[in-house]
Amino acid sequence: MKTVSIVLLGLACLGAGPTQASYALADKNGCTSCHDLDERKLGPPFRQVNRRYAMEPEALVYLKGKVRSGSREVWGRAPMPPYGEDRVSEADLEAILRWVLRLHLAPE
Ligand code: HEC
């Protein structure tokens, strides 16, 4: 958690808002090669993921499990490969998913 806070603080100092800070975290972890904020790439745009799950109480736990073990047949034909802790740390994954689940609260 400490590392995440320091990274976020660092980005905040560079003038990035909270939305950009977590986009940067998704980018750092390679998620943005398949997920954009608004455009469909191989994976669904993060705003659509937000629309689907933001109101689900178990969304964070569910989506963490999906990224860890991979996902298929929810959004289309392309599957998402599993991302273990060697690819994305627990702290980073949780921060990215919390950001995705709060996107509807962020300005466009
Ligand atoms: C190689 C491309 C690729 C990468 C890299 C990738 N994803 Fe995905 N992701 C997908 C695809 C394709 C789907 C849709 C899978 C499906 O239909 O079930 C998906 C689905 C998802 C979903 C929705 C799952 C559901 O059950 O609705 C989340 C959340 C997600 N990805 C987060 C992430 C995060 C966070 C990262 C970075 C750690 C990441 N993805 C990296 C391709 C990718």
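Keep in mind that this is a model prediction, so the values were computed, not measured. In each ligand, atom 1 is the first atom listed, and ligand 1 is the first ligand listed. One-based numbering along the sequence shown.
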Item checked: Results of salt bridge (Lys or Arg N to Asp or Glu O under 4.0 Å) for R98 - residues two or more places apart only ->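 R98 satisfies salt bridge (Lys or Arg N to Asp or Glu O under 4.0 Å) with E94 once adjacent residues are dropped.
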
Below 3.5 Å only, please: the N or O atoms of ligand 1 paired with protein N or O atoms, distance on each line.
residue  : atom   : partner : partner atom : Å
ligand 1 : 7 (N)  : H35     : NE2          : 2.8
ligand 1 : 9 (N)  : H35     : NE2          : 2.8
ligand 1 : 17 (O) : V74     : N            : 3.1
ligand 1 : 17 (O) : W75     : N            : 2.6
ligand 1 : 18 (O) : S71     : OG           : 2.6
ligand 1 : 18 (O) : R72     : N            : 3.1
ligand 1 : 18 (O) : R72     : O            : 3.4
ligand 1 : 18 (O) : E73     : N            : 3.4
ligand 1 : 18 (O) : V74     : N            : 3.1
ligand 1 : 26 (O) : Y53     : OH           : 3.3
ligand 1 : 26 (O) : Y62     : OH           : 2.9
ligand 1 : 26 (O) : K66     : NZ           : 2.7
ligand 1 : 27 (O) : Y53     : OH           : 2.5
ligand 1 : 27 (O) : W75     : NE1          : 2.7
ligand 1 : 31 (N) : H35     : NE2          : 2.8
ligand 1 : 40 (N) : H35     : NE2          : 2.9

Margin query: If you count every heavy atom of other residues, nucleotides or ligands that lies below 6.0 Å from R102 atom CZ, does the total exceed 12?
Written below: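 Counting other residues, nucleotides and ligands, CZ of R102 stays at 12 neighbours or fewer.
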
Checklist line | Heavy-atom closest pair, residues A95 and S22 | finding: O-OG, 4.2 Å

Next item on the list: Identify the two heavy atoms, one from K41 and one from D36, that lie closest to each other, and give their separation to 0.1 Å.
Entry: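 Residues K41 and D36, closest heavy atoms: CD-N, 4.0 Å.
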
Item checked: Of all pairs that satisfy side-chain hydrogen bond (donor to acceptor under 3.5 Å, both in side chains), the ones with a partner from residues 68-78, not counting sequence neighbours ->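 Every side-chain hydrogen bond (donor to acceptor under 3.5 Å, both in side chains) pair that includes a residue of residues 68-78, provided the two are not neighbours, is K66-S71, R68-E90.
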
Next item on the list: Give every residue pair that meets the ring-ring contact (aromatic ring centres under 6.0 Å, His included) criterion with at least one member in residues 24-44, sequence neighbours excluded.
Entry: H35-F46

